[in-house]
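Let me begin by presenting the structure, written as structure tokens, before commenting on it.
Throughout, protein chains are lettered first and strands after them, A, B, ... in sequence-line order, and every chain is numbered starting at 1.
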Protein chains: 2
Amino acid sequence: MDNVNLKKLAEELNLAVSTVSRALRDNHEISQETKDRVKALAAKLGFQPNPHASSLRQNKSRTIAVVIPEIQNNFFSQVMNGVEDVAQRKGYHVLIYLTHDDHNREKEILQVLRNGRVDGLMISVSNTTTNIEHLEAYRQSGMPLVFFDRVCEEIDVPRVTTDDSIAAFKATEHLLKVGCKKIAFLSLACNLSISSGRRSGYLKALAKHGLDNEMIIECGTDDETNRQNIRELLQSDQRPDGIFAAVEKFAINTYEVCHELNIAIPQQLKLVGFSNLSAAALFDPPLSTIVQPAYEIGKEAATILFKIVEKKMLLPNEKRVMIASEIVERKSTGK
Amino acid sequence: MDNVNLKKLAEELNLAVSTVSRALRDNHEISQETKDRVKALAAKLGFQPNPHASSLRQNKSRTIAVVIPEIQNNFFSQVMNGVEDVAQRKGYHVLIYLTHDDHNREKEILQVLRNGRVDGLMISVSNTTTNIEHLEAYRQSGMPLVFFDRVCEEIDVPRVTTDDSIAAFKATEHLLKVGCKKIAFLSLACNLSISSGRRSGYLKALAKHGLDNEMIIECGTDDETNRQNIRELLQSDQRPDGIFAAVEKFAINTYEVCHELNIAIPQQLKLVGFSNLSAAALFDPPLSTIVQPAYEIGKEAATILFKIVEKKMLLPNEKRVMIASEIVERKSTGK
DNA sequence: GCAAATTTCGGAAACGTTTCCGCAAAAAAG
DNA sequence: CTTTTTTGCGGAAACGTTTCCGAAATTTGC
């Protein structure tokens, strides 16, 4: 009653195991009549092929891994959503791993995934990743690999990102347009490409408008530290009239401090930040955001990964995919 | 260079494959000296056992599946976070499947997971699930199964939930305490236990305070339809002075309509809703929420699932785990 | 009407583990 | 000094597929 397998089907039908296997896979060497008989019985008994036997034999698992820093973040949730959609449609399974921005954890995960458990992997690297040996080792093993969002510049694999620099440029310019003279940039403290990209966009915008009063505040994962940094910033005599938050978290921290210090947004301080939170529209005041095409990034990265897994040729423009972010102007930068 | 397996290690060391296997697994039949030699070489060559071969032989995959309606929702994200933490610590892998609240999709997923790909499954059932055959079939197959949050009452498997009814009772009573006389309940239109639990808590609170003017509005997945329902509600002459939203989405929809109709929260309408959005504190006005212990639910459900998988005895109180939700009072129900 | 090609299937090897069974050599028991 | 037990290891089966290699039976070519 328990496990119905090929052997059981074969016995029942007086066929060889190989014949049954072929019939189920619509092999042309099997007559239509036999195929029908086999499939009928398989359906009747609810036969499901054992994936481990199949994977072992074929050396492919129909499974991919997604490695992300955290899931409790709208951006990555939306990415997962995109990935899962594509995977589901292609009949693939999705393993999820969280690094919590811990380099060592990331290393362990990659280590353990180099043994055939998955056919390929997509990753948004941890912001504590300085040493890239584990990524390089994974690539060297020949396994399909795709970066998305937080990519590793040094390793030449397909990547799907957003135009961080351009988006940051636009956001900064937007702040300038609405009258800001002194704009602070809350930067993600790490040597990630997204971090430097956003910073450079910020600097370019200032430069274009002839400003050299950049203020770059490095923020991190700890909310209280961030708030303290922002508090000092807003209480200093160098107080900015605009803040550009490189990640959602820092925008939230800014709101918190402003409420605490009774600083009115947007009258006394204008604020814009990267964020994929749809509820940003309900904030007090509604937050102007740069929203990244998270779902599309996930979808695109997965599509490319599957192409590599299935050894299809990648189009030239699929090796470096960049999808534009969109700036949504709301009250936090209004007059 | 490519695949280093037991056979290769064995040849290199002049040992039998079986010996190598045992050595790596610290079998007591192997001398310490041999173990050391084997492990040294395995480490040197970066040997990773093939999980499919292992799973096939042992009939266990060290993998669990999590089936949820959506991931782009703070509650489920936090659940995943909890699950992943436990799984990671126990060396298990986590497959994620999204149903998008589609019964058929849910059915297909469960179907395909009944073949040994995973050692167990935890699920929060889709709200379109009326027919429970697929769940029953899965249980009948003897595979470990745990429900969380959106459980299926008819099937007797361990479940981890929150005290929906009590939480709803408290929320309703909170609205009464701050002066509401006519409270509408935005209900999730489905026959899910969480839906009926929350509704009954709402009704109980009204009854306790001698009120019989219940207003139950069924809402669904489509935002515009929900907004239309809420719009009609707030424009009718039966307009309530308090709204209790059964799920986060409906609270958001209420904000949207209130902004649109210029209804002041909390002066003209008080609002409370189930929500795990930490940014609710930044809303205009800050939203009073019932926050479910999502992380703990995920953690607990996973812990129980692993216990079943590993055939450990479940404590009596682990078959029905209920973790309290917490009500966070903010301005949306303030005076 | 016979050789050749095609169709349809069976047997067995292979994937890389784990584990059952057996068997020497060494140690313990008597 | 013999018998039993223990220790340490090797050989081979087994898990359930897929696929290679035939091999009858049927059809086609001439």
Side-chain angles (χ1 to χ4, degrees), chain A residues 2-39 41-42 45-63 91 112-119 141, chain B residues 1-39 41-42 45-63 91 93 112-119 141:
Chain A
D2 200 2
N3 295 336
V4 34
N5 52 23
L6 287 185
K7 204 203 291 191
K8 210 164 280 180
L9 291 179
E11 282 170 4
E12 195 85 15
L13 294 163
N14 263 331
L15 289 172
V17 169
S18 53
T19 305
V20 176
S21 172
R22 278 184 279 239
L24 290 172
R25 302 162 61 81
D26 262 331
N27 187 297
H28 69 279
E29 291 187 1
I30 306 298
S31 70
Q32 192 56 49
E33 190 198 331
T34 306
K35 281 184 189 172
D36 292 343
R37 281 178 60 216
V38 171
K39 286 180 182 175
L41 185 65
L45 299 185
F47 169 73
Q48 291 283 347
N50 183 303
H52 303 120
S54 183
S55 296
L56 175 60
R57 184 58 231 254
Q58 301 192 95
N59 201 27
K60 53 177 93 156
S61 60
R62 292 200 78 75
T63 305
V112 109
L113 287 180
R114 239 176 350 159
N115 59 3
R117 184 179 293 274
V118 295
D119 295 339
S141 76
Chain B
M1 195 63 222
D2 199 2
N3 294 337
V4 35
N5 52 25
L6 288 185
K7 205 203 291 191
K8 210 163 280 179
L9 291 179
E11 282 170 3
E12 194 84 16
L13 293 163
N14 264 331
L15 289 172
V17 170
S18 53
T19 305
V20 175
S21 172
R22 279 184 279 238
L24 290 172
R25 303 161 61 80
D26 262 330
N27 187 298
H28 67 278
E29 291 187 1
I30 305 298
S31 71
Q32 192 56 49
E33 190 198 331
T34 306
K35 282 183 187 173
D36 292 342
R37 282 179 60 216
V38 171
K39 287 179 180 175
L41 185 64
L45 300 186
F47 169 72
Q48 290 284 346
N50 183 302
H52 304 120
S54 182
S55 295
L56 175 60
R57 183 58 230 257
Q58 301 192 95
N59 201 28
K60 54 178 90 158
S61 59
R62 292 200 80 75
T63 305
H93 303 258
V112 111
L113 287 180
R114 239 176 350 159
N115 60 3
R117 184 179 293 274
V118 295
D119 294 340
S141 78

Between A:Asn115 (CG) and C:dC15 (C1'), how many Å, whole number?
14 Å

Rounded to the nearest Å, what distance is computed from the CG atom of residue B:Leu24 to the C1' atom of nucleotide C:dT19?
15 Å

Could you state the atom-to-atom distance from NE2 of B:His28 to P of D:dC9 in whole Å?
12 Å

Taking CD from A:Gln58 and P from D:dT17, how many angstroms apart are they, rounded to a whole number?
12 Å

Looking for any heavy atom pair under 4.0 Å, which part of the strands does B:Ser54 touch: base, sugar-phosphate only, or nothing?
sugar-phosphate

Under 3.5 Å donor-acceptor, A:Arg114 side chain and A:Ser141 backbone
no

Looking at the side chain of B:Ile30, which of D:dT17, D:dC9, C:dC20 is the nearest nucleotide?
D:dC9

Selection from C:dT18, D:dC9, D:dT18 that lies nearest to any side-chain heavy atom of A:Arg25
D:dT18

Would you kindly give the CG-to-P distance between B:Asn5 and C:dT18, to the nearest whole Å?
12 Å

Between A:Arg57 and B:Ala16, name the one whose nearest nucleotide on DNA chain D is closer to the 5' end.
B:Ala16

Which nucleotide in C:dC9, D:dT18, D:dC9 has an atom nearest any side-chain atom of B:Thr34:
D:dC9

Report the distance from atom CG of B:Asp26 to atom C1' of D:dG8, rounded to the nearest whole Å.
15 Å

Looking only at C:dC9, D:dT17, D:dG10, the nucleotide nearest the A:Leu6 side chain is D:dT17

Which distance, rounded to the nearest 0.5 Å, do you find between the OG1 of B:Thr19 and the CZ of B:Arg37?
10.5 Å

Nearest to the side chain of B:Ser31 - D:dC9, C:dT18, C:dG16?
D:dC9

Side chain of B:Leu56 - closest among C:dT17, D:dA12, C:dG16
C:dG16

Quick one: B:Asn59 CG to D:dC15 P, roughly how many Å, whole number?
10 Å

Note, B:Phe47 side chain near B:Leu41 side chain (heavy atom, < 4.5 Å):
no

Nearest listed nucleotide, side chain of A:Thr19, among D:dC9, C:dG10, C:dC15
C:dG10

B:Lys35 side chain to B:Asn27 backbone, donor-acceptor under 3.5 Å:
yes

Ignoring backbone atoms, test whether B:Ser21 places a side-chain nitrogen or oxygen under 4.0 Å from the OP1 or OP2 oxygen of C:dT17.
no

With distance as the sole test, does B:Asn115 use its side chain to make a donor-acceptor pair with the main-chain N or O of A:Asn50 at under 3.5 Å?
no

At what angle, to 10 degrees, do the two end axes of the helix from C:dG1-D:dC30 to C:dG30-D:dC1 meet, given five pairs define each axis?
40°

Integer-rounded Å distance: C:dC20 C1' and B:Asn27 CG
12 Å

